[in-house]
Amino acid sequence: MMASARAAYAVLSAALALAGVALPQVACARAGDIEVRLLVVAAQESSISAPAAAQVAQVEASLGDSVRAGSALVQFECAEVRARREAALAEVQSARLQHEAKLRLQGLQSAAEIEVALAAAAVDRAQAQAEVVAAQLAQCVVRAPFDGKVARIHVKAGQSVTAGAPIVDVVGGGALQARINAPSRWLAWLRPGQRLEAIIEETGRRYAMRVSRIAGRVDAVSQTIEIETSFDDTGSGLLPGMSGRVLAPGR
């Protein structure tokens, strides 16, 4: 009966931990230890959204691909934006020619200073418009914000998306961390650098880790405090999203 209750608590605690909600802590079967849920997370993680409403022209990356910062992930149909870019560049060239002509006329005393100034302002205005269109054109390609791996692709070629819709999820390729909601009473002994032990359910293995950050506020409802830890060994099958429990000596 007690084993069944502990199993039910573990399932409920894991679900709530993923949602950022902590349950009251319970004692482990082993005397002197306290069980707390943990979630494995990447040090860098980004869910990239569509900058504007558009149609997907091509998906450049596949699920699980390793990507470099700046590499193309998704391209949008931007024929209209490219046409406006060409028109904007033509306006810049036209404004420059008019400004040069006014300068020559001014040298011949055939153009007033105000005419030259207005022509120069027209050049600046055309250049500014060209830069706006260039910025819009840059949004036609979604690029990786950092080195990492593609965790999820939300779109397919030919699909229309709205502004803010998720496009690609990317996780960093660096060291993994664990996010833990620990009992606030741990603050009596918990310090950065404190060694803890994790048991990851997906691998069934134990991992050594150290406390790297401690939140500056205790949750008044659950009486827990969020901490982050770094694993001593991240090359043993760990992936973001895995979960488990952390064991620390009872105090």
Side-chain angles (χ1 to χ4, degrees), residues 14-22 37-78 81 131-132 134-181 192 198 200-203 207 209-217 219 225-244 246:
L16 293 178
L18 295 176
V21 179
R37 301 300 303 176
L38 67 84
L39 178 67
V40 180
V41 297
Q44 287 183 302
E45 186 169 355
S46 177
S47 181
I48 306 172
S49 301
Q55 184 178 18
V56 177
Q58 188 172 355
V59 179
E60 301 284 354
S62 299
L63 186 67
D65 280 357
S66 295
V67 294
R68 304 287 294 179
S71 59
L73 301 176
V74 174
Q75 294 194 27
F76 296 112
E77 292 286 356
C78 287
V81 180
E131 290 173 1
V132 170
Q136 294 173 343
L137 187 61
Q139 293 179 344
C140 291
V141 181
V142 173
R143 300 185 182 278
F146 44 75
D147 295 349
K149 286 189 174 183
V150 177
R152 186 175 182 183
I153 299 176
H154 299 269
V155 297
K156 296 180 180 180
Q159 179 179 342
S160 296
V161 297
T162 58
I167 300 297
V168 180
D169 294 346
V170 179
V171 294
L176 297 176
Q177 301 173 342
R179 192 165 296 155
I180 304 165
N181 287 327
I200 303 301
E201 294 173 351
E202 287 83 355
T203 65
Y207 299 83
M209 55 188 184
R210 293 179 182 271
V211 175
S212 53
R213 295 181 180 85
I214 302 175
R217 183 179 63 181
D219 187 292
I225 187 164
E226 184 174 348
I227 65 174
E228 288 183 357
T229 64
S230 57
F231 290 95
D232 290 350
D233 178 16
T234 58
S236 302
L238 287 176
L239 291 173
M242 289 183 174
S243 63
V246 54

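For the residue pair Phe146 and Ala69, the shortest heavy atom distance occurs at CA-CB, 3.6 Å. The two atoms that bring Pro51 and Ala163 nearest to each other are O-CB, 4.2 Å, heavy atoms only. The minimum heavy-atom distance linking Ala178 with Met209 is given by the pair CB-SD, 4.2 Å. The minimum heavy-atom distance between Leu176 and Pro240, with the atom names listed, is CD2-CG, 3.8 Å.
Listed by chain and residue number, nothing satisfies the salt bridge (charged side-chain N to carboxylate O under 4.0 Å, His left out) test with Arg152 (two or more places apart in sequence, or in another chain). With sequence neighbours left out, the salt bridge (charged side-chain N to carboxylate O under 4.0 Å, His left out) criterion links Glu226 to Arg179. Judged as a side-chain hydrogen bond (donor to acceptor under 3.5 Å, both in side chains), and not counting sequence neighbours, Ser49 has no contacts.
Judged by distance alone, the side chain of Ser71 and the main-chain N or O of Ala144 form no donor-acceptor pair under 3.5 Å.
Sorted by first and then second residue, the side chain to side chain donor-acceptor pair (under 3.5 Å) pairs with a member in residues 137-146 form an empty list; sequence neighbours excluded. Residues in residues 42-59 take part in no salt bridge (Lys or Arg N to Asp or Glu O under 4.0 Å) pair, two or more places apart or across chains.
For the pair Arg210 and Pro192, the minimum side-chain heavy-atom distance is 4.5 Å or more. Val40 places none of its side-chain heavy atoms less than 4.5 Å from the side chain of Tyr207. Side-chain contact between Ile167 and His154 is absent, with no heavy atoms from C-beta onward closer than 4.5 Å. Val155 has its side chain within reach of Val161: a pair of non-hydrogen atoms, C-beta onward, lies under 4.5 Å apart. Residues Lys149 and Leu239 have side chains not in contact (no heavy-atom distance under 4.5 Å, counting atoms from C-beta outward). In this structure, Val170 and Leu73 have side chains that are in contact, with non-hydrogen atoms separated by less than 4.5 Å.
We find the CE-CG distance between Met242 and Leu38 to be 11.5 Å, quoted to the nearest 0.5 Å. In this structure, OG1 on Thr229 lies 7.5 Å from CD on Gln177, to the nearest 0.5 angstrom. The line from CD1 of Ile180 to CD1 of Ile225 is 12.0 Å long, rounded to the nearest 0.5 Å.
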Show me the donor-acceptor pairs within less than 3.5 Å that the side chains of residues 55-63 make with the rest of the protein, sequence neighbours left out.
unit_1 : atom_1 : unit_2 : atom_2 : d
Gln55  : NE2    : Gly158 : O      : 3.1
Glu60  : OE2    : Gln75  : NE2    : 2.9

